[in-house]
Amino acid sequence: MKLVVTGGAGFIGSCFVRMALGQRWAEHVINLDKLTYAGNLENVESVSSHPGYRFVQADICDAGAVEDLLKRERPDVIVHFAAESHVDRSIHSPAPVIQTNFNGTFTLLEAARRHQVGRFVHVSTDEVYGSIEAPHDADENYPLHASSPYSASKAGSDLLALSYYTTYKLNVSVTRASNNYGPYQFPEKLIPLMISNALEDKPLPVYGDGQQVRDWLYVEDHCRAVFAVLEKGRPGEVYNVGGNCSLPNLEVIHRILKATGKPESLIKPVADRPGHDRRYALTNEKLTRETGWQPLMDFDRGLAATIDWYRTSQDWVRRIKTGEYRQFYELNYANRV
Ligand code: NAD
Ligand code: TYD
């Protein structure tokens, strides 16, 4: 099978590419990535000489480039990870988020329709459901209630993707995963930022009271869920993917400090995120029932593996935490004092 994977130089997409190339059914994997600030070819270094792997640098919003690629390669499958994925960046600068997440998805869907690509998995997020009152969990029919430009752009692109099934019978499924963590995550999201700051003895900025709840999913569990949806998911359907691990942010931070042996005095409360969703919570019941998938990684074990990876990959972190990263970091956290 020949796959085009968009965003395969990012955190989750690169994990998917590395894992897919270990599967017999994935003979060819073409990684289509623009290499934005979040894209890093070091993330796919370990498969770069695999005979079935190819990298194409292109923007998913570039209709000509996408059209050429599909015409030339005739892939069986598109797995669409490419996105502007950070909520805080979407608050500071929404334009690229709407452009890539909505218009880029449209460009891909159009090309997939014209070239009759046999399967399209659109990778989305539980953030499209917005904040959910305890004790409820969102299933796939839960109303969409996006709070940030990021989640709104993902909700819009989910609906667009599903419309290509309803209208054109393009074989689309949508996955909505909870917060991922694991190796190679860009150190702007909660877990990699807190781990890398703790390892550098830098302050850990906690938004508001730190009691916001997220469900944590190990990145390899997420990628296995996408495999399951590719193989067994029904067209026109949405599948939630959660880690069965709901924790308040401060609890996650305490566990990181304990595991790294760093003091609680590193915790630094800062002003809250505008429109901050209080609680994400979802049920996996549909995906498990239809495909047999379940999350396998226990959170403390996954966190320990992630901390080990950041500890031994400090050069990777150091190379990222320069230039543009520093500028955004200073802007984001200066606004919160
Ligand atoms: P990431 O920011 O680490 O990587 C995104 C990748 O997309 C980068 O390699 C970047 O270069 C590429 N990209 C961005 N704009 C592009 C464009 N216009 N054309 C081509 N490539 C482009 O993101 P991630 O955390 O790996 O997330 C991947 C997907 O999973 C996203 O769609 C995101 O919405 C979704 N998701 C993420 C999480 C999470 O916790 N990180 C949870 C649920 C869903
Ligand atoms: P994040 O990793 O940005 O994911 P999302 O907003 O998509 O869930 O943030 C996870 C949670 O951690 C969220 O409640 C915001 C909070 N947070 C902090 O408290 N401090 C930080 O520096 C960051 C990046 C996030």
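Indexing begins at 1, ligand by ligand and atom by atom, following the structure's order. The basis for the numbers below is simple: all heavy atoms, side chains too, and nothing from hydrogens, waters or symmetry mates.
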Side chain or backbone of Tyr150 under 4.0 Å from ligand 2, or both, or neither, by non-hydrogen atoms?
neither
Specify side chain, backbone, both or neither for Thr125, according to which of its non-hydrogen atoms lie closer than 4.0 Å to ligand 2.
neither
Can you list the ligand 1 atoms lying under 4.0 Å from a non-hydrogen atom of Leu35?
11 (O)
Out of all atoms in ligand 1, which are within 4.0 Å of some heavy atom of Ala58? Include the element for each.
19 (N), 20 (C)
Among all protein heavy atoms in this structure, tell me which lies nearest to atom 10 (C) of ligand 1, with the distance rounded to 0.1 Å.
Thr36 OG1, 3.2 Å
Any Pro96 heavy atom less than 4.0 Å to ligand 1
no
Could you tell me whether the side chains of Asn101 and Tyr150 share a donor-acceptor contact shorter than 3.5 Å?
no
Should you measure from each heavy atom of Val123, which atoms of ligand 1 turn up under 4.0 Å away?
30 (O), 32 (O)
Output the list of atoms in ligand 1 that are nearer than 4.0 Å to some heavy atom of Ser178, sorted by atom number.
42 (C), 43 (C)
Ligand-side contact atoms (ligand 1) for residue partner Asn179, heavy atom cut-off under 4.0 Å
40 (O)
Among all the protein's non-hydrogen atoms, which is closest to atom 11 (C) of ligand 2, and how far away is it?
Asn249 ND2, 3.4 Å
Per-atom contacts of ligand 1 with Lys154, taking only distances under 4.0 Å to non-hydrogen atoms:
31 (C), 32 (O), 33 (C), 34 (O)
Classify the angle between the aromatic ring planes of Phe81 and Phe16 as parallel (below 30°), tilted (30 to 60°) or perpendicular (above 60°).
tilted
Ignoring hydrogens and geometry beyond distance, is a side-chain donor-acceptor pair present between Glu127 and Tyr280 at under 3.5 Å?
yes
What do you reckon, does Phe186 put a non-hydrogen atom under 4.0 Å from ligand 1?
no
Distance filter under 4.0 Å to Tyr280 heavy atoms, resulting ligand 2 atoms
8 (O)
Minimum heavy-atom separation for Ala112 to Ile78, with atom names?
CB-CD1, 4.0 Å
Show which atoms of ligand 2 fall inside a sub-4.0 Å distance from at least one heavy-atom site of Glu188.
24 (C)
Nearest-neighbour protein heavy atom for atom 28 (C) of ligand 1, which is reported as residue plus atom name and distance
Phe81 O, 3.4 Å
Kindly indicate, with the supporting measurements, whether the criterion side chain to side chain donor-acceptor pair (under 3.5 Å) is fulfilled by Ser151 and Ser148.
CA-CA 5 Å; Ser151 51; Ser148 68; 3.1 Å; yes
Atoms in ligand 2 flagged as close to Val206, the criterion being non-hydrogen separation under 4.0 Å
19 (O)
Report the member of Gln211, Arg273, Gln212, His86 with the shortest heavy-atom distance to atom 9 (O) of ligand 2.
Arg273
Of the protein's non-hydrogen atoms, which lies at the shortest distance from atom 43 (C) of ligand 1, and what is that distance?
Ala177 O, 3.3 Å
For Tyr333, the ligand 2 atoms whose distance to one of its heavy atoms is below 4.0 Å:
21 (C), 22 (O), 24 (C)
Specify the protein heavy atom at minimum distance from atom 21 (N) of ligand 1: its residue, its atom name, and the distance to 0.1 Å.
Lys34 N, 3.0 Å
Which atoms of ligand 2 sit under 4.0 Å from any heavy atom of Val87?
6 (O), 7 (O)
Can you tell me if Tyr164 and Glu110 form a side-chain donor-acceptor pair at under 3.5 Å?
yes
Non-hydrogen atoms of Ala225 and Val241 that approach each other most closely
CB-CG1, 3.4 Å
When distances are taken from atom 2 (O) of ligand 1, the protein heavy atom at minimum range is Ser85 OG, 2.6 Å
Between Arg326 and Thr322, does a side chain to side chain donor-acceptor pair (under 3.5 Å) hold up when you go through it step by step?
CA-CA 5 Å; Arg326 271 190 188 290; Thr322 56; over 6 Å; no
Are Asn197 and Lys262 close enough that a side-chain donor and a side-chain acceptor fall under 3.5 Å?
no
Shortest non-hydrogen contact from Val206 toward Ile253
CG2-CD1, 3.6 Å
Heavy-atom proximity to atom 5 (C) of ligand 1, picking from Ser153, Ala83, Ala65, points to Ala83
Select the closest option to atom 37 (C) of ligand 1 among Asn180, Leu41, Thr125, Ile12, judged by heavy-atom distance.
Ile12
Just checking, is any N or O donor in the side chain of Tyr129 or Asn240 under 3.5 Å from an acceptor N or O on the other one?
yes
May I ask you to list the atoms of ligand 1 that are less than 4.0 angstrom from any heavy atom of Tyr150?
33 (C), 34 (O)
From the candidates Glu127, Met194, Lys189, the one that places a heavy atom nearest atom 5 (P) of ligand 2
Glu127
Relative to atom 10 (C) of ligand 2, which among Ile191, Leu190, Val252, Val213 owns the nearest non-hydrogen atom?
Leu190
Lys169 versus Pro235: any side-chain heavy-atom pair under 4.5 Å?
no
Are Arg89 and Ser93 close enough that a side-chain donor and a side-chain acceptor fall under 3.5 Å?
no
For ligand 2, which atoms have a heavy atom of Leu193 less than 4.0 angstrom away?
22 (O)
I'd like to know whether ligand 1 has Ser14 as a neighbour, heavy-atom separation below 4.0 Å.
no
The option among Asp59, Leu108, Asp33, Val226 carrying the non-hydrogen atom nearest to atom 18 (N) of ligand 1 is Asp59
What protein heavy atom sits nearest atom 4 (O) of ligand 1, and how far away is it?
Gly10 CA, 3.4 Å
Check Leu35, Val29, Val17, Ile30 against Phe55 for a side-chain contact (heavy atoms from CB on, under 4.5 Å) and give me the one that passes.
Leu35
Does any donor atom in the side chain of Trp316 or Asn43 lie under 3.5 Å from an acceptor atom in the other side chain?
yes
